[in-house]
Colleague: 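Below you will find the structure I want to go over with you.
Computed from a predicted model, the values in this text were never measured in an experiment. So you know, we letter chains A, B, ... as the sequences are listed, proteins then strands, and number each from 1.
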There are 2 protein chains.
Amino acid sequence: MTTQVEPRWLSAEQQRIWRSFLNGVARINDRLDAELRPFGLDLGEYEILVHLSECERHMLRMSDLAERVRQSRSRLTHTISRMESKGLVQRVACPSDRRGVNAIMTPAGYRLLVDAAPSHVESVRRALVDRVDPDDFEALGRAMEAVSRVTD
Amino acid sequence: MTTQVEPRWLSAEQQRIWRSFLNGVARINDRLDAELRPFGLDLGEYEILVHLSECERHMLRMSDLAERVRQSRSRLTHTISRMESKGLVQRVACPSDRRGVNAIMTPAGYRLLVDAAPSHVESVRRALVDRVDPDDFEALGRAMEAVSRVTD
DNA sequence: GTCCAGTTGTTGAAATGTGAACTGAATTGA
DNA sequence: TCAATTCAGTTCACATTTCAACAACTGGAC
């Protein structure tokens, strides 16, 4: 028998905020994806390029990359395969660990990122940064950091 | 020829916040989905049940429902079909508009929602509400409302 | 009435995502 | 040394989502 505990429902206000959050997130994602589409990218692929561009030799172990872009390993395998066939990245064996695979951004991948970045940054501004009061934006940052913080 | 405008890059701080946002959202979604799984639901289906439960006669036009849960019409068609085969909702023709279809929540659907709700609310608390400073949570609400507000 | 542009919802195929099983390699520890 | 375990990445089977095409209907304009 499961112990029944009276649920701690959300207040009307908390519920309103929670729903705004769901709506807002969906809205932001839709806009970002829409504005990346002309470049043939979605947000997931864009983030992969960003993380690769920030690395030594534009190269990262698959599992490391997977964690940074919050994709499952399986999903990353597929995503990278697609990007490979588009010529944006390449796979190379990892010399130090023969289980390992490095994803490396090609020059074409880097050029695409450089092309897409200004438009993408504008999207982020129009969808979020420029719409929100700066103090609230700071608070949003603190809130999301608290959410991401590992505590359990 | 496209006019080149110097992009307004994000400041380091803005970028940090933006990345926290992406991380936080992903984290929240993962947790909510994981904790709904034991009920055989994902967040999309759960939201459908919630919106139906808040309506007269637990019934809503497909297009109306689609908008409220932010799913494309096509996606909602598929989702509702699945839920129908699970016995959670039913489709009935709309009497006033012969193009229309109403989705109605079944008693089983309602029972499942009532079952799942306490756990789901706990998830929302653990993943977000209880983790965040109340003032920051308020600010998050304002920010997300600003994001969702239709201005263009 | 008749036209017709727009709306509603569905379909089916292709693209993408998921989770479990699997392969081969590294590591552990007796 | 070498079996057992863990790890990295892929693969497979399947579920879900997307996109374009479509059929049925509506509500004016004329």
Colleague: Closest approach to the side chain of Thr77(B), judged atom by atom: which nucleotide of dC25(D), dT11(C), dA25(C) is it?
Modeller: dT11(C)
Colleague: Is any side-chain N of the basic residue among Asp30(A) and Arg70(B) closer than 4.0 Å to the acidic one's carboxylate O?
Modeller: no
Colleague: May I ask you to say whether Arg142(B) pairs ionically with Glu145(B), meaning some side-chain N is under 4.0 Å from a carboxylate O?
Modeller: no
Colleague: Which whole-number value in Å describes the distance from Gln90(B) CD to dG9(C) P?
Modeller: 17 Å
Colleague: For dT10(D), take OP1 and OP2 only and decide whether either is under 4.0 Å from a side-chain N or O of Arg91(A).
Modeller: yes
Colleague: Does Phe39(B), at its CZ atom, have more than 12 non-hydrogen atoms belonging to other residues, nucleotides or ligands within less than 6.0 Å?
Modeller: yes
Colleague: Check whether any side-chain heavy atom of Leu113(A) sits under 4.5 Å from a side-chain heavy atom of Tyr46(A), and report yes or no.
Modeller: yes
Colleague: Asn102(A) CG to dA8(D) C1': how many Å, rounded?
Modeller: 12 Å
Colleague: State which of dA13(C), dC25(D), dG17(C) makes the closest approach to the side chain of His78(B).
Modeller: dA13(C)
Colleague: Considering only side-chain heavy atoms of Ser74(B), which listed nucleotide, dG9(D), dC19(D), dC25(D), is closest?
Modeller: dC19(D)
Colleague: Please state how far atom CG in Asn29(A) lies from atom C1' in dT17(D), giving the value in whole angstrom units.
Modeller: 15 Å
Colleague: Nearest whole Å is fine: how far is dA13(D) P from Arg75(A) CZ?
Modeller: 22 Å
Colleague: Starting the side chain at C-beta, find the nucleotide from dA26(C), dT16(C), dC19(D) nearest to Arg98(A).
Modeller: dA26(C)
Colleague: Could you tell me whether the side chain of Arg91(A) reaches within less than 4.5 Å of the side chain of Glu84(A), counting heavy atoms only?
Modeller: yes
Colleague: Under 4.0 Å from OP1 or OP2 of dG9(D): is there any side-chain N or O of Arg61(A) that close?
Modeller: yes
Colleague: Both Arg73(A) and Asp42(B) contact DNA chain D. Taking the nearest nucleotide for each, which residue is further toward the 5' end?
Modeller: Arg73(A)
Colleague: Within the pair Arg82(B) and dT16(D), is there a side-chain N or O less than 4.0 Å away from OP1 or OP2?
Modeller: yes
Colleague: For dT6(D) and Arg99(A) - does any side-chain N or O of the residue sit under 4.0 Å from the phosphate oxygens OP1/OP2?
Modeller: no
Colleague: Would you kindly give the CD1-to-P distance between Ile80(B) and dT17(D), to the nearest whole Å?
Modeller: 12 Å
Colleague: Separation of Met83(B) atom CE from dA15(D) atom C1', in whole Å?
Modeller: 16 Å
Colleague: Looking only at the side chain of Met62(A) (C-beta and beyond, no hydrogens), which of the listed nucleotides dC7(D), dG9(C), dT10(D) gets closest?
Modeller: dT10(D)
Colleague: Please give, in whole Å, the distance from dA8(D) P to Gln71(A) CD?
Modeller: 17 Å
Colleague: Of Ser81(A) and Asp97(A), whose nearest nucleotide on DNA chain D comes first from the 5' end?
Modeller: Asp97(A)
Colleague: Output the rounded distance in Å from CG (Leu76(A)) to P (dT18(C)).
Modeller: 12 Å
